[in-house]
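So the structure is just underneath, and the comments pick up after that.
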Amino acid sequence: MKPFAYERASSPKDAAAKAAKTPGAKFIAGGTNLLDLMKIGVEEPVHLIDVNGLKLDTIEATDDGGVRIGALVRNTELAADTRIRRDYPLLSRALLAGASGQLRNKATTAGNLLQRTRCPYFYDTNQPCNKRLPGSGCAAIGGFSRQHAIVGVSKSCIATHPSDMAVAMRALDATVETVRPDGSTRRIAIADFHTLPGTTPNVETVLAHGELITAVTLPRPVGGVQLYHKVRDRASYAFALVSVALILQPDGGGRVALGGVAHKPWRKSDADAALPKGAKAASDALLAGAETTHDNAFKVTLVERALAATLAEAKETSA
Ligand SMILES: Cc1cc2nc3c(=O)[nH]c(=O)nc-3n(C[C@H](O)[C@H](O)[C@H](O)COP(=O)(O)OP(=O)(O)OC[C@H]3O[C@@H](n4cnc5c(N)ncnc54)[C@H](O)[C@@H]3O)c2cc1C
Ligand code: SF4
């Protein structure tokens, strides 16, 4: 590991200002992703700003009937919160499908949204990877690509976003709140928060350098049956090959988002509209224009079947 400076911030604005002053500075929250990447030389921040003491660790009701989840709320606490379990069970289920109990005790809301891809070539510093080293190439294209993306891909990168929580937040229309180095704040719809790889897969969100996530808000609860199904190679402690976040309303309408298929949580308005017609219609809409490789073409069928199973369970639950 390369030497780095470490300091604690005294307020969110102070954290953002401190990070903006130093090129290559990074925030550290639970450290469950960042420290792993630093140990293998994939991330080499020269300066770490610890945001753990910033009192961003509460879950509060908002004036419009939703909730504001502090950036430092741990995944365990969020999944167990009574309001989340009652009003946003999709989020609770997605969180509990991720990582392990020990990791969830450390992992934070903001850190989870910003975790890096699990593409094996990104982790192997002997391999070309445009995300790790822009312009070096992509070892996954033409390499082993079973886990990789099938929609929204580019010629530069076919990595997926690994978060389960973010897929639920996409279905729930979450908003990310930030503070910038000059103290100004902004709200970013989760749909616009993560980016597609394009020619700059090293850029993964719309955050500017030094911009700190302070909270994620959820709008008022939408009800319905809410399910999260994760298909993976092992029953636990594995990332999604494909995951389905579904909210099904009594009239057959609803919302669906996918994990494991793109560089960001994947949702399409025409897929939501197609839900009453069934899993095939919705998955066709979700995967329109899919570009698969020899290794990951199976994901197209897997999405359709995972969505069909999730829909069937939701209908049974609501009957
Ligand atoms: C073995 C293993 C298995 C896992 N399995 C799963 C899984 O199945 N599903 C899943 O979803 N996840 C899984 N994870 C990932 C885990 O959920 C993430 O590592 C965790 O959520 C990251 O949160 P953190 O607080 O530790 O982030 P950190 O490691 O502290 O930070 C991650 C990134 O976020 C940035 N950051 C942190 N806080 C802020 C902030 N407030 N504002 C701006 N930037 C910030 C950091 O600079 C860094 O770039 C797994 C991890 C491991 C190690
Ligand atoms: S898919 Fe993306 S992360 Fe993986 S090797 Fe290619 S550029 Fe790197």
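Just the heavy atoms: all of them, side chains too, but no hydrogens, waters or symmetry mates, feed the values below. Every number for a ligand or one of its atoms is a count from 1 in the order of the listing.
- Ranking protein heavy atoms by distance to atom 25 (O) of ligand 1, first place goes to T108 OG1, 2.6 Å.
- With respect to R255 and D173, a salt bridge is recorded, a charged nitrogen being found less than 4.0 Å from a carboxylate O.
- Using a distance-only test at 3.5 Å, with no hydrogens or angles considered, a donor-acceptor pair links the side chain of D295 to the main chain of S145.
- Taking every non-hydrogen atom of S163 and a distance limit under 4.0 Å, the qualifying atoms of ligand 1 come out as 11 (O).
- Taking every non-hydrogen atom of D36 and a distance limit under 4.0 Å, the qualifying atoms of ligand 1 come out as 53 (C).
- When K230, M38, Q115 are ranked by how near their heavy atoms come to atom 8 (O) of ligand 1, first place goes to K230.
- For ligand 1, one of its N or O atoms has an N or O atom of T32 under 3.5 Å away.
- Side-chain atoms of S100 and Q102 form no donor-acceptor pair, as typed in the model, at a separation below 3.5 Å.
- Counting non-hydrogen atoms of neighbouring residues, nucleotides and ligands closer than 6.0 angstrom, the NZ atom of K106 reaches no more than 12 such neighbours.
- No more than 12 heavy atoms of other residues, nucleotides or ligands lie within 6.0 Å of CZ in R8, so this atom counts as exposed by the packing criterion.
- Taking atom 50 (C) of ligand 1 as the reference point, the nearest protein heavy-atom neighbour is F239 CZ, 3.4 Å.
- Near G98, the atoms of ligand 1 lying under 4.0 angstrom from a non-hydrogen atom of the residue are 7 (C), 8 (O), 9 (N).
- Close contacts of ligand 1 with R118, meaning ligand atoms under 4.0 Å from a residue heavy atom, involve 51 (C), 52 (C).
- Summary of contacts: the protein heavy atom closest to atom 2 (C) of ligand 1 is L103 CD1, 3.4 Å.
- Every atom of ligand 1 is numbered from 1 in the order shown, and the set under 4.0 Å from a heavy atom of N33 is 19 (O), 29 (O).
- Only the backbone of A238 comes within contact range of ligand 1, with a heavy atom under 4.0 Å; no side-chain atom does.
- Looking at ligand 1, you won't find any N or O of L72 less than 3.5 Å from one of its N or O atoms.
- Distance check for C119 against atom 6 (Fe) of ligand 2: none of its N/O/S atoms falls below 2.8 Å.
- Taking 4.0 Å as the cut-off between side-chain N and carboxylate O, K280 and D284 count as a salt-bridged pair.
- Residues S269 and D272 have side chains that never bring a donor and an acceptor to within less than 3.5 angstrom of each other.
- Using modelled atom types and a 3.5 Å distance limit, the side chains of T292 and N296 yield no donor-acceptor pair.
- Counting heavy atoms closer than 4.0 Å to ligand 1, residue A240 contributes nothing at all.
- R118 CZ: more than 12 foreign heavy atoms inside a 6.0 Å radius.
- In summary, the atoms of ligand 2 found under 4.0 Å from a heavy atom of S156, numbered by their order in the structure, are 7 (S).
- With ligand atoms numbered from 1 in the order given, ligand 1 contributes 29 (O) to contacts under 4.0 Å with heavy atoms of L34.
- Looking at atom 47 (O) of ligand 1, its nearest protein heavy atom turns out to be F27 O, 2.5 Å.
- Contact of the H47 side chain with the K26 side chain is not registered, since no non-hydrogen atoms from C-beta on lie closer than 4.5 Å.
- Per-residue contacts place N112 under 4.0 angstrom from the following atoms of ligand 1 (heavy atoms of the residue considered): 17 (O), 21 (O), 22 (C), 23 (O).
- For atom 42 (N) of ligand 1, the nearest protein heavy atom (residue, atom name, distance) is I213 N, 2.9 Å.
- Using a 4.0 Å cut-off between charged side-chain N and carboxylate O, D192 and R187 make no salt bridge.
- With respect to N112, the side-chain hydrogen bond (donor to acceptor under 3.5 Å, both in side chains) criterion is satisfied by exactly one of N75, D164, T32: N75.
- Within the 4.0 Å heavy-atom criterion, neither part of P197 lies near ligand 2.
- Closest heavy-atom approach to atom 3 (S) of ligand 2 among the candidates A149, G142, S145, C129: C129.
- H194 has its ring centre no less than 6.0 Å from the ring centre of H263.
- Atom 27 (O) of ligand 1 has as its closest protein heavy atom G111 CA, 3.4 Å.
- The protein non-hydrogen atom at the shortest distance from atom 2 (Fe) of ligand 2 is C157 SG, 2.4 Å.
- Atom 5 (S) of ligand 2 has Y121 CB, 3.5 Å as its closest protein atom, hydrogens excluded (heavy atom only).
- Of all protein heavy atoms, the one closest to atom 7 (C) of ligand 1 is A99 N, 3.0 Å.
- Each of the atoms 1 (C) of ligand 1 lies under 4.0 Å from some heavy atom of Y237.
- No donor-acceptor distance shorter than 3.5 angstrom exists from the side chain of K264 to the backbone of T195, with no hydrogens or angles considered.
- For ligand 1, the polar-atom distance check finds an N/O of G31 within less than 3.5 Å of one of the ligand's N/O atoms.
- Closest to atom 1 (S) of ligand 2, if we only count protein heavy atoms, is I158 N, 3.3 Å.
- Checked by atom type, the side-chain pair N202/N130 shows no donor-acceptor distance below 3.5 Å.
- Distances between N or O atoms of L35 and those of ligand 1 include no value under 3.5 Å.
- In the model, H161 has no side-chain atom that pairs as donor or acceptor with a side-chain atom of E204 under 3.5 Å.
- There is no side-chain donor-acceptor pair under 3.5 Å between T214 and E177.
- Residue-ligand proximity: S100 is placed with every non-hydrogen atom at 4.0 Å or more from ligand 1.
- Of the protein's heavy atoms, L114 CD1, 3.9 Å lies nearest to atom 36 (N) of ligand 1.
- Nearest protein heavy-atom contact of atom 6 (Fe) of ligand 2 is C138 SG, 2.3 Å.
- Nearest heavy-atom pair, K131 versus T117, reported as atom, atom and distance to 0.1 Å: CD-CG2, 3.7 Å.
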